[in-house]
Amino acid sequence: MRRLLLALCLLAVPAAGFASPVQSLLPGAEQRGAATFRFLGFPVYQARLFTRGAAPLDWSQDFGIELTYQRRLSQKDLVEATLREMRRLGQPAPARARFEACFQAVSPGDRYLAVSQGPDRVKFLRNGRTACTLSQPGIKRAFMSIFVGANTRSARFTRALLG
């Protein structure tokens with residue numbers, strides 16, 4: 001019996017390591033929606049939107065978006081794509097160096113979680129560990145609009161993410 005219990009505990013440990021830390025940053029958060037972003041038909045990342053109580057997205061409330069990457073992407077690609085999308089959406093972007101401090105290259109299975117902390121702050125975690133916090137006026141809307149804004153690259157993706 002002890003061996004069975006020990007085996008079950010050991011099996012549970014890896015699963016716990018992959019749980020999202022969103023609850024510690026956004027108490028009461030539940031997954032609202034999920035979607036896979038594809039480029040030329042190939043999956044790039046799976047996204048999950050977290051809101052308090054899985055409520056519909058409300059820009060006046062804090063929320064989180066978690067991306068689990070399906071492909072290898074360099075730091076340069078992540079930073080450039082983020083800045084390009086923010087510019088395309090007409091949003092003010094932080095300096096490139098600030099994003100370079102936040103984002104590292106990713107491999108399949110790597111996760112980034114962005115959680116807003118008011119309108120002017122977004123905290124980023126990479127694989128459950130703090131990567132950085134960006135603070136500037138309007139950064140929440142500027143960054144999160146890439147995924148859940150009115151003019152995203154894929155309306156279908158955004159609808160699924162918004163639940």
_Test item: side-chain donor near acceptor, Thr51 and Arg32, under 3.5 Å_ = no
*side chain to side chain contact (heavy atoms under 4.5 Å, CB included) with Ala105: which residues, sequence neighbours excluded?*
none
*Verify, without hydrogens or angle tests, whether Glu66 (side chain) and Ala114 (backbone) share a donor-acceptor contact under 3.5 angstrom.*
no
*Enter the distance from Phe103:CZ to Arg126:CZ here, rounded to the nearest 0.5 Å.*
11.0 Å
_Quick check against the 3.5 Å criterion: does Ser116 have a side-chain atom that pairs as donor or acceptor with the backbone of Phe63?_
yes
*Spell out, as yes or no, whether a donor-acceptor pair under 3.5 Å connects the side chain of Gln70 to the backbone of Gly109.*
no
*Are the side chain of Thr152 and the backbone of Val148 linked by a donor-acceptor contact shorter than 3.5 Å?*
no
*asked:* Less than 4.5 Å apart, side chain to side chain, heavy atoms only: is that true for Gln31 and Leu49?
replied: no
*Give a yes or no on whether the backbone of Tyr112 and the side-chain of Tyr69 come within a donor-acceptor separation of less than 3.5 Å.*
no
*Give every residue pair that meets the disulfide (SG to SG under 2.5 Å) criterion with at least one member in residues 56-120, sequence neighbours excluded.*
Cys102-Cys132
_Arg141 CZ to Ile146 CD1 distance, which is reported to the nearest 0.5 Å_ = 13.5 Å
*Decide yes or no for Tyr45 and Phe39: does some side-chain heavy atom of the first lie under 4.5 Å from some side-chain heavy atom of the second?*
no
*asked:* For the CZ atom of Arg72 and the CG atom of Asp110, what is their distance to the nearest 0.5 Å?
replied: 9.0 Å
*With sequence neighbours left out, what residues match Thr130 under side chain to side chain contact (heavy atoms under 4.5 Å, CB included)?*
Lys123, Leu125
*side chain to side chain contact (heavy atoms under 4.5 Å, CB included) between Leu113 and Ile65, worked out*: CA-CA 6 Å; Leu113 171 65; Ile65 296 175; over 6 Å; no
*Between Phe147 and Phe157, does the ring centre distance come in under 6.0 Å?*
no
*Quick check: does any side chain N or O of Arg98 sit under 3.5 Å from a backbone N or O of Ser135, one acting as donor and the other as acceptor?*
yes
Tell me which donor-acceptor pairs under 3.5 Å the side chains of residues 79-94 have, and how far apart each pair is, sequence neighbours excluded?
unit_1, atom_1, unit_2, atom_2, d
Glu80, OE1, Arg96, NH1, 2.9
Glu80, OE1, Arg96, NH2, 3.0
Glu80, OE2, Arg87, NH2, 3.3
Thr82, OG1, Leu78, O, 2.8
Glu85, OE1, Arg88, NE, 3.1
Glu85, OE1, Arg88, NH2, 3.0
Glu85, OE2, Arg88, NE, 3.3
Glu85, OE2, Arg153, NE, 2.6
Glu85, OE2, Arg153, NH2, 2.9
Arg88, NH1, Asn151, O, 3.4
Arg88, NH2, Asn151, O, 2.8

_Qualifying disulfide (SG to SG under 2.5 Å) pairs, either residue in residues 42-101, two or more places apart_ = none
*asked:* If hydrophobic clusters are built by linking Ile, Leu, Val, Met, Phe, Trp and Tyr wherever their side-chain heavy atoms come under 4.5 Å apart, do Leu26 and Ile139 end up in the same one?
replied: no
*If you measure from CD on Gln136 to CG on Leu134, what distance do you get to the nearest 0.5 Å?*
7.5 Å
*Any disulfide (SG to SG under 2.5 Å) involving residues 21-99? Give me the pairs, sequence neighbours left out, ordered by first then second residue.*
none
*Shortest non-hydrogen contact between Ala29 and Val22, atoms and distance*: CB-CG2, 4.2 Å
*Ignoring hydrogens and geometry, is there a side-chain-to-backbone donor-acceptor pair from Arg52 to Glu30 under 3.5 Å?*
no
*Distance in Å, Thr68 OG1 paired with Arg111 CZ, rounded so as to fall on 0.5 Å steps*: 6.5 Å
*Taking atom CG of Leu67 and atom CZ of Phe37, what is their separation to the nearest 0.5 Å?*
10.5 Å
*Would you say Ser145's side chain and Ala142's backbone share a donor-acceptor pair under 3.5 angstrom?*
no
